[in-house]
Amino acid sequence: MSTKTPPANLRAGWLEIRDLVMVRGTKAVTHAIELRIAPGKVTALAGANGAGKTSTVLGIAGVVEPAFGEIWLDGQDLVGLDADEIRRRGIATVPEGHQVLRELTVRDNLLVASGGLSRGETTASIERVLALFPELKEKLQQPAGDLSGGQQQMVAIAQALMVQPRFLVIDELSFGLAPTIVARLVPIIRKIADSGIGVLLIEQFTQLALALAHHVYVMSRGAVSYDGEPGKLRDDPEILHRAYFPVSDREAVGL
Ligand SMILES: Nc1ncnc2c1ncn2[C@@H]1O[C@H](COP(=O)(O)OP(=O)(O)O)[C@@H](O)[C@H]1O
Ligand SMILES: [Mg+2]
């Protein structure tokens, strides 16, 4: 980890991404991404398929080391720390595609996510996450692979919450889930944020982002093309249209 001097304008308690460049293969897929994630609020990161959202998430989570840039929390730059250390610092990530350990029971999925907690803390954490997802209570002894997609997403979020993170990064919360299930997740995400956790919600489509977020970033071809409140995006669909269909693409298809 670097011992850089923190920029003077960092906000206390916020997670701030500066100038993040992610390289996948040989190609830079994000260009100087800047994100400010508030504690106790939902911040959304939206953008078309291939915009660079997941690459950004992998950079924040320490799964792929950023080629350039800084990830500031509590005056420290976390770039260069591995995924376990970043989790220990309080940033938990729910990867794309509600990945659970399918053969393990729901309870065991929660237990494997309790690394570093004492037995007492683990029991308390399981109770805490089950209070948030009561429908998992009756599924505790079932293999997670037998659950519906929505319930698997609940297990994945519950796993991330076991260690009481300060920030929760969820890559494609609604992907592949029926709208009725997404609707059930909405109040839960709100509750998580209300408990003080800063949520970064990554969504390809903006509906959920606009419903939940106090601040929205839209990524377009690896760069942030919108950074502002959700209201403006709701009122001016052209902003989103441009972000999802850049002018060069529109010309190519004759729009
Ligand atoms: N492992 C990889 N190797 C090479 N290129 C990748 C890899 N993963 C993603 N990419 C490329 O990076 C770009 C951004 O992808 P990604 O971050 O997954 O975007 P999003 O999550 O917004 O759909 C895309 O052009 C994609 O093809
Ligand atoms: Mg993605």
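Atoms within each ligand, like the ligands themselves, are counted from 1 in listed order. What's counted below: heavy atoms across the whole structure, side chains too, no hydrogens, waters or symmetry copies.
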Protein residue, atom and distance nearest to atom 25 (O) of ligand 1, heavy-atom basis: Lys27 NZ, 3.5 Å
Nearest protein heavy atom with distance in Å, relative to atom 12 (O) of ligand 1: Val29 CG1, 3.2 Å
Options Ser220, Gly52, Gly50, Ala51, ranked by nearest heavy atom to atom 24 (C) of ligand 1, top entry: Gly50
Partners passing side-chain contact (heavy atoms from CB on, under 4.5 Å) against Leu101 (at least two apart in sequence or in another chain): Leu104, Asn109, Val112
Heavy atom of protein inside 4.0 Å of atom 14 (C) of ligand 1, strictly below: yes
Heavy-atom check, side chain of Leu78 versus side chain of Arg89, under 4.5 Å: yes
Stepwise salt bridge (charged side-chain N to carboxylate O under 4.0 Å, His left out) check, Asp84 with Arg87: CA-CA 5 Å; Asp84 285 338; Arg87 200 176 313 115; 3.1 Å; yes
Verdict with reasoning, Gln164 to Ser125, per side-chain hydrogen bond (donor to acceptor under 3.5 Å, both in side chains): CA-CA 8 Å; Gln164 289 195 268; Ser125 272; 4.9 Å; no
Atom CD of Gln207 with >12 non-hydrogen neighbours under 6.0 angstrom: no
Nearest candidate to atom 4 (C) of ligand 1, where distance is taken over non-hydrogen atoms, out of Gln204, Glu172, Arg24: Arg24
Atom pair NE2/CZ of His31 and Arg221 - distance to nearest 0.5 Å: 9.5 Å
Check: Val169 and Val94 side chains under 4.5 Å, non-hydrogen atoms: no
Protein heavy atom under 4.0 Å of atom 27 (O) of ligand 1: no
Heteroatom proximity flag, Lys53 to ligand 1, N/O under 3.5 Å: yes
Metal environment of the Mg ion (ligand 2), protein N/O/S under 2.8 Å: Thr54 OG1, Glu96 OE2
Atoms in ligand 1 with a heavy atom of Asn49 nearer than 4.0 Å: 23 (O)
Atom 18 (O) of ligand 1: nearest protein contact (heavy atom, Å): Thr54 CB, 3.7 Å
Lys137, Arg107, Glu135 screened by side-chain contact (heavy atoms from CB on, under 4.5 Å) with Leu130, the one that passes: Lys137
Derivation of the salt bridge (charged side-chain N to carboxylate O under 4.0 Å, His left out) call for Asp227 and Lys232: CA-CA 10 Å; Asp227 167 359; Lys232 212 168 131 203; over 6 Å; no
Atoms in ligand 1 with a heavy atom of Ala48 nearer than 4.0 Å: 22 (O)
Close side-chain approach of Ile60 and Ile17, heavy atoms under 4.5 Å: yes
Side-chain H-bond candidate by donor/acceptor type, Thr105 with Gln141, under 3.5 Å: no
Protein contact of atom 17 (O) of ligand 1 - nearest heavy atom, named by residue and atom, plus distance: Ser55 OG, 2.6 Å
